[in-house]
Amino acid sequence: MSPRLKRSFFTDSAVKAAREMLGKYIIHLDNGLKLSGRIVETESYMGPEDKASHSYNWRKTRRNKVEYLIGGHIYIYIVYGMYWQLNITTGKEGMPQCVLIRAVEPVEGIEEMMKRRKTSLLLNLTSGPGKLCQAFGFDKSHYGLDITRSSQVWLEDRREKIPRNEIVRTERVGIDYAEEWAHKLWRFYLKSSPFVSKRL
DNA sequence: GTACAGATTGAG
DNA sequence: TCAATCTGTACT
């Protein structure tokens with residue numbers, strides 16, 4: 001049985017999918033080069049009801065239109081003019097929610113990641129949303145990709161059991177403008193992972 | 001056409 | 001603590 005996560009995983013709500021994504025693996029086959037990592041930090045963006053979300057109040061623009069696709073597509077965009085943010089859409093078609101992958105633990109392709117990140121410090125390769133995109137080479141060329149079918153990018157379940165007390169649930173990072181939504185506990189990370197971007 | 005903020009990072 | 005850097009979005 002293939003360990004690849006299939007559609008049903010991504011049609012859950014973003015909060016549930018974000019929590020379940022911890023301990024799963026992300027794989028990028030980059031021109032024959034295999035890069036992979038274990039997901040250790042995620043955030044959920046709940047769409048129309050969530051002021052921090054690009055699709056708050058059903059907003060739909062050229063940038064975020066793929067959020068409206070069925071769960072399992074890549075929504076990637078740039079922030080601060082220089083960093084990519086990798087999101088996976090969730091929910092059924094027409095429901096614009098997504099999960100932001102904020103940090104992974106590097107597994108395969110570490111040498112290449114070090115080149116791309118210009119550092120030999122393991123801890124600095126993928127411990128943040130912008131960092132991991134640079135290490136993995138994720139950019140606009142992956143916009144809208146269906147990760148349940150793509151031969152370039154997918155997620156795998158390697159059957160790791162995550163104990164309940166390993167999962168920390170906190171407020172999201174960098175969205176102070178979002179009023180009461182800024183306080184929703186929609187960020188998840190693995191307590192014992194040194195690759196988590198920020199501790200509160 | 002113009003203005004401006006931003007789901008970050010790394011250097012000082 | 002703060003600058004880098006530029007696209008998306010709203011507004012004129």
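The chains referred to below are lettered A, B, ... by the order of the sequence lines, with proteins before strands, and numbering in each begins at 1. It should be emphasised that the depicted structure is a prediction, and the values quoted were computed from it without experimental measurement.
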Colleague: With both distances under 3.5 Å as the test, what is the Watson-Crick or G-U wobble partner of C:dA4?
Modeller: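 Pairing partner: B:dT8.
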Colleague: Does the side-chain ring of A:Y83 lie flat on the base of B:dT8, meaning centres under 5.5 Å and planes less than 30 degrees apart?
Modeller: no
Colleague: Taking the side chain of A:M82 as its heavy atoms from C-beta onward, which of B:dA7, C:dA4, C:dA10 lies nearest to it?
Modeller: C:dA4
Colleague: Is the distance from the ring center of A:F138 to that of A:H28 below 6.0 Å?
Modeller: yes
Colleague: Between B:dA7 and A:Y77, counting only base atoms on the nucleotide and side-chain atoms on the residue, is there a donor-acceptor pair under 3.5 Å?
Modeller: yes
Colleague: Nearest-Å distance, CD1 (A:I76) to P (B:dA7)?
Modeller: 15 Å
Colleague: Using a heavy-atom cut-off of under 4.0 Å over every strand shown, decide if A:I175 touches base, sugar-phosphate, or nothing.
Modeller: sugar-phosphate
Colleague: Which atom names give the shortest non-hydrogen contact between A:G128 and A:S197, and what distance separates them?
Modeller: CA-CB, 4.0 Å
Colleague: Just how far, in rounded Å, is C1' of B:dT9 from CZ of A:R102?
Modeller: 11 Å
Colleague: In whole angstroms, how far is the C1' atom of B:dA7 from the CD1 atom of A:I101?
Modeller: 13 Å
Colleague: B:dG6 P sits how many Å from A:E43 CD, rounded?
Modeller: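 To the nearest whole Å, that distance equals 15 Å.
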Colleague: Under 4.0 Å between a side-chain N/O of A:K131 and OP1 or OP2 of B:dG10, yes or no?
Modeller: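 Yes, A:K131 has a side-chain N/O under 4.0 Å of OP1/OP2 on B:dG10.
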Colleague: Grab the NZ-C1' distance between A:K118 and B:dT9 for me, whole Å please.
Modeller: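 Nearest whole value for this atom pair: 15 Å.
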Colleague: Between atom NE2 in A:H54 and atom C1' in C:dT9, what is the gap in whole Å?
Modeller: 11 Å
Colleague: Check this for me: does any side-chain nitrogen of one of A:D12 and A:K92 sit under 4.0 Å from a carboxylate oxygen of the other?
Modeller: no
Colleague: Under the side-chain contact (heavy atoms from CB on, under 4.5 Å) rule, what do A:W181 and A:I175 come out as? Steps first, then yes or no, please.
Modeller: CA-CA 9 Å; A:W181 287 271; A:I175 54 159; 5.9 Å; no
Colleague: In whole angstrom, give the distance that lies between atom CE of A:M46 and atom C1' of B:dA7.
Modeller: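 To the nearest whole Å, that distance equals 16 Å.
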